[in-house]
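Each remark here refers to the structure printed beneath this line.
Chain naming here is simple, since letters A, B, ... match the order of the sequence lines and numbering starts at 1 in each. What you see below is based on every heavy atom in this structure, not just the backbone, and it leaves out hydrogens, waters and symmetry mates.
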Protein chains: 2
Amino acid sequence: MTDRSERRAEPLSREQIVATAIAILDEGGADALTFRTLAARLATGSGAIYWHVADKQTLLTAATDQLVAQAIAHVNGGASPNEAIRVLALGVFDAIDAHPWVGVQLANDPWQPAVLRILEAVGAQVTALGVPKQARFNAATALLRFILGLAGQYAVGSSRFGGEMDRTTLLTEVAARWVQLDPVEHPFVRQVAAELSGHDDRQQFLAGVDLILAGIERSRRPTRDTSR
Amino acid sequence: MTDRSERRAEPLSREQIVATAIAILDEGGADALTFRTLAARLATGSGAIYWHVADKQTLLTAATDQLVAQAIAHVNGGASPNEAIRVLALGVFDAIDAHPWVGVQLANDPWQPAVLRILEAVGAQVTALGVPKQARFNAATALLRFILGLAGQYAVGSSRFGGEMDRTTLLTEVAARWVQLDPVEHPFVRQVAAELSGHDDRQQFLAGVDLILAGIERSRRPTRDTSR
DNA sequence: ACCTTTATGGAACAGCGTTCCATTCCGGCG
DNA sequence: CGCCGGAATGGAACGCTGTTCCATAAAGGT
């Protein structure tokens, strides 16, 4: 335009932009982050952001990677591999629980750095478990897919209901919808609805991890398979 | 505007709209479907579609539900529960393989009818497996989450690369990127990259399912857990 | 002193989902 | 038979998005 104010006191930086993006996402969910709200919060124009960040996808990927990295940084305890995997999985779980938009992001781009980070950590523990080399990839990706499946599960809690209700009321509402389903077409879901409202997501998640761990252990010491 | 042509020969219907949406999605991927392209293909205006379909999310949910229903309709064979679960899982796998946008959709909304359908079918087989009542929910959702994790995995193959390359070249490209990673930070992923390009997604998926099935079976006949 | 590079921020653009509304037709009622 | 309310249509318009463009400004090298 006509006159232009002087250059900003504190210059923009990629770190600052990512941090502000995380703050907006935490406050308002996945939909709250736009380049305009971001620019407003940073007291700049949307164009300036593009000098530091290629596009929105890159920004989301960077934000996700940062939180996941924090979440799984403290895993290398001296515990057993099984226990390390539980700690690792719960770390990701808690990160998604605290920042539901991370779940959306993890589910939507399976080869982003954050996912690689999780796969790497899982793979290390699977290796430590003594799983033979050819089976490691399958075992690690099975665990990874289970964790990312959770990510999708949580995606809705924030995006669909806008973070306005907490997890318990959400589950109760879903359970209420499930009981009203057709008993002929959905007997199992109906039956299981009762457990839904009172259950603990964290515990259920851990049970799933243990199920896979049991499967890994069992496949390492094969017994006769009576089911085939 | 001034003059208005007569009413259309064949009236619109929800079924027709969903079918056309599926066709567009199959041809151009998730991004190809807009209410404008849809209206153009139906030879109408975007506004008319809203009389039959509430919004885009509803349309996507309906399209996904239809394909998933087809995919798992023929499962109730007389085979063993384990085998039925494999057939079921592979049915979903193949549906996502044939229509990658279904993967995106399944991953993004965990409580849509299509997901309920899968959970119901899985739950029925888990019940038939003889899993005790309290453990059924965990077992079924573990399988479900694994399948939905796959859904996310496939989401990118279509959305990021626009369906321009097939799965093999995509995997080769990912593998090539993985080998160039920092050996200190990503030893496992680097080591595993070699298996990635030559591997069979379907087989790996089935191996994961078997891993969980083994875990379910093992937890039904508990042995001493040496890992805790 | 100059000119290139880095950096900024606001305007502009194309496209999206959705809403609005004038219009058309059909079925039932007086 | 005439009419009229509501089902259905389709195109314009709205507000918003991610992204691009560009005039500007300071910093840095020579």
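- Spacing between atom CG of B:D55 and atom C1' of C:dT19 amounts to 13 Å, rounded to whole angstrom units.
- The nearest whole Å value for the distance from the CG atom in B:D31 to the C1' atom in C:dA14 is 15 Å.
- Straight-line distance from the CG atom of A:L59 to the C1' atom of D:dT19: 14 Å, rounded to whole Å.
- In this structure, A:L38 places its CG atom 12 Å from C1' of D:dG18, rounding to the nearest Å.
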Residue pair B:I147, A:R145: steps toward the side chain to side chain contact (heavy atoms under 4.5 Å, CB included) verdict
CA-CA 8 Å; B:I147 295 174; A:R145 281 219 256 259; over 6 Å; no
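- Across the protein-nucleic acid pair, A:I17 atom CD1 and C:dG9 atom C1' stand 13 Å apart, rounded to whole Å.
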Take B:V122 and B:F146 through the test side chain to side chain contact (heavy atoms under 4.5 Å, CB included) and record every step on the way to the result.
CA-CA 12 Å; B:V122 170; B:F146 177 81; over 6 Å; no
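- The salt bridge (Lys or Arg N to Asp or Glu O under 4.0 Å) check on B:D55 picks up nothing, with sequence neighbours excluded.
- Backbone-only engagement by B:L33 is indicated by non-hydrogen atom pairs under 4.0 Å involving sugar-phosphate atoms exclusively.
- Rounded to whole Å, atom P of D:dA8 lies 14 Å from atom CZ of B:R14.
- Between A:W51 and the phosphate of C:dT8, there is no side-chain N or O to OP1/OP2 separation shorter than 4.0 Å.
- Contact check, A:T44 against C:dG9: a side-chain N or O comes under 4.0 Å of OP1 or OP2.
- In this structure, OH of A:Y50 is placed 5 Å from C1' of D:dT19, rounded to the nearest angstrom.
- In this structure, the CD atom of A:Q16 is 14 Å from the C1' atom of C:dA7, given to the nearest Å.
- Of the two residues near DNA chain D, B:S46 and B:P11, the one whose nearest nucleotide lies more 5' is B:P11.
- Projected onto DNA chain C by closest heavy-atom contact, A:L12 and B:F35 fall at different nucleotides, the more 5' of which corresponds to A:L12.
- Counted within 6.0 Å of CD on A:E27, heavy atoms from surrounding residues, nucleotides or ligands total more than 12; the atom is thus considered enclosed.
- The listed nucleotides are C:dT8, C:dG17, D:dG10; the one nearest the side chain of A:A48 is C:dT8.
- Using a 4.0 Å cut-off, no side-chain N or O of A:H52 falls inside it from OP1 or OP2 of C:dT6.
- No contact: B:I49 has no heavy atom under 4.0 Å from any strand.
- With hydrogens and angles left out, the side chain of B:R36 and the base of C:dG15 share no donor-acceptor pair within 3.5 Å.
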